[in-house]
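Data first, discussion second: the structure below is written as structure tokens.
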Amino acid sequence: MGKNNKRGQLVVISGPSGGGKSTVITEVRNQRSGLCFSVSYTTREPRQNEENGVQYNFVSRETFLQMIEQERFVEYACYQGNYYGTSKDAVDRLLEEGKDVLLDIEVQGAAAIRKLYPEAALIFLTPPSFHELERRLRGRHSESEEVIQGRLARAREEYLQIPMYHYLVINDKVADAAGEILAIMKAQDCRVSARLDMIKEDISL
Ligand code: 5GP
């Protein structure tokens, strides 16, 4: 474990694809040093600006299915016809080393993490409106109309799961949304369960 035997904190961010989640996450990572982003595995094709091992580990369906069998995922889900999964080893190792870990995963994955890691903070990040989500999705110019419609329909389903989350952040301005997520992480740092170790010599619990 890391300094003060402190286990790292786990933060889950979900939200409709195309809503500007990656931009906000990049801003959060720039401002909170030492925050680790867990690079997921996926069977989806890389987009133009994506690099293997950076945004995702891009693998074949066959490899992904093998990894499921080998129980290599802490959670995985099928989203718009592709598999996405979080590496169990990577997350547990980082938390054990006292590092904070951020997961960008969809709602089924978030539900699984909530069960397995009850101390995790679950944040739902959404654009200010559906109209704005549609505008952002179209602005990306990387997907067909069919994919865009699929993502909008999926977003509607995901909104039904918002009550499962602990926090709701509206992504109107990137800096404000990132600021709220950083504030949530700061509050998580101050939880009694995260800090008791720091004063264990002063108290006998
Ligand atoms: P995209 O294809 O737009 O990169 O991602 C599609 C969705 O998959 C997003 O909602 C993203 O949060 C989610 N996602 C990415 N990695 C994982 C993962 O490891 N597990 C789960 N359950 N969802 C993921």
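Just so you know, these numbers come straight off a predicted model, no measurement behind them. Position 1 is the first residue of the sequence, and the numbers go up from there. Counting starts at 1 for both ligands and their atoms, following the listed order. All heavy atoms count here, side chains included; hydrogens, waters and symmetry mates do not.
- A salt bridge does not link E75 with K88: every distance from a Lys NZ or Arg NE/NH1/NH2 to an Asp or Glu carboxylate oxygen is 4.0 Å or more.
- Residue E158 has no nitrogen or oxygen atom sitting less than 3.5 Å from a nitrogen or oxygen atom of ligand 1, judged on distance alone.
- Residue Y76 has no nitrogen or oxygen atom sitting less than 3.5 Å from a nitrogen or oxygen atom of ligand 1, judged on distance alone.
- G85 counts as a contact of ligand 1, since one of its heavy atoms falls under 4.0 Å from the ligand.
- Taking the six-membered ring for Trp, Y56 and Y84 have ring centres closer than 6.0 Å.
- Neither the backbone nor the side chain of Q80 has any atom closer than 4.0 Å to an atom of ligand 1 (non-hydrogen atoms only).
- Under a 4.0 Å N-O distance rule, the pair R7/D100 does not qualify as a salt bridge.
- Atoms of ligand 1 lying under 4.0 Å from any heavy atom of T86, numbered from 1 in the order shown and given with element: 18 (C), 19 (O), 20 (N).
- Checked against a 3.5 angstrom limit, the closest N/O atoms of R47 and ligand 1 fall inside it.
- Contact annotation for Q108 and ligand 1: no heavy atom of the residue comes within less than 4.0 Å of the ligand.
- The aromatic rings of F64 and F73 sit parallel to each other, their planes meeting at less than 30°, with 60° as the upper class boundary.
- Ranking the protein heavy atoms by distance from atom 20 (N) of ligand 1 puts E75 OE2, 2.7 Å first.
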Stepwise side-chain contact (heavy atoms from CB on, under 4.5 Å) test for V24 and I181 = CA-CA 9 Å; V24 173; I181 292 170; 3.7 Å; yes

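- Residue I13 places no N or O, backbone or side chain, under 3.5 Å from any N or O of ligand 1.
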From CA spacing to verdict: salt bridge (Lys or Arg N to Asp or Glu O under 4.0 Å), E50, R44 = CA-CA 11 Å; E50 289 179 331; R44 120 159 131 58; 2.8 Å; yes

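- Among Y56, Y83, F73, Y79, the residue whose heavy atom lies closest to atom 4 (O) of ligand 1 is Y56.
- Under a 4.0 Å criterion applied to the non-hydrogen atoms of R44, ligand 1 contributes the atoms 1 (P), 2 (O), 4 (O).
- If you check which protein heavy atom lies closest to atom 13 (C) of ligand 1, you get E106 N, 3.7 Å.
- A salt bridge links E145 with R138: at least one charged nitrogen is closer than 4.0 Å to a carboxylate oxygen.
- Summary of contacts: the protein heavy atom closest to atom 16 (N) of ligand 1 is S40 OG, 3.1 Å.
- Between E132 and R135 there is a salt bridge, since at least one side-chain N of the basic residue sits less than 4.0 Å from a carboxylate O of the acidic one.
- Atoms of ligand 1 found under 4.0 Å from any heavy atom of S17, numbered from 1 in the order shown, are 3 (O).
- Checked against a 3.5 angstrom limit, the closest N/O atoms of K21 and ligand 1 fall inside it.
- Close approach to A77 involves these atoms of ligand 1, each under 4.0 Å from a residue heavy atom: 22 (N).
- The distance criterion of under 3.5 Å between nitrogen or oxygen atoms is not met by Y41 with respect to ligand 1.
- The aromatic rings of F124 and Y165 lie perpendicular to each other, with more than 60° between the two planes, well past the 30° mark.
- Summarising the geometry of G18 relative to R136, their closest heavy-atom pair is O-CB, 3.3 Å, with the distance given to 0.1 Å.
- The number of heavy atoms from other shown groups lying within 6.0 Å of CD (E62) does not exceed 12.
- Every atom of ligand 1 is numbered from 1 in the order shown, and the set under 4.0 Å from a heavy atom of G109 is 22 (N).
- Here R151 has side-chain heavy atoms under 4.0 Å from ligand 1, and that is the only part of it that gets that close.
- Residue-ligand proximity, D104 to ligand 1, at heavy-atom distances under 4.0 Å covers atoms 11 (C), 12 (O), 14 (N), 15 (C), 16 (N), 17 (C), 24 (C).
- No salt bridge links D89 with R72; every basic N to acidic carboxylate O contact stays at or beyond 4.0 Å.
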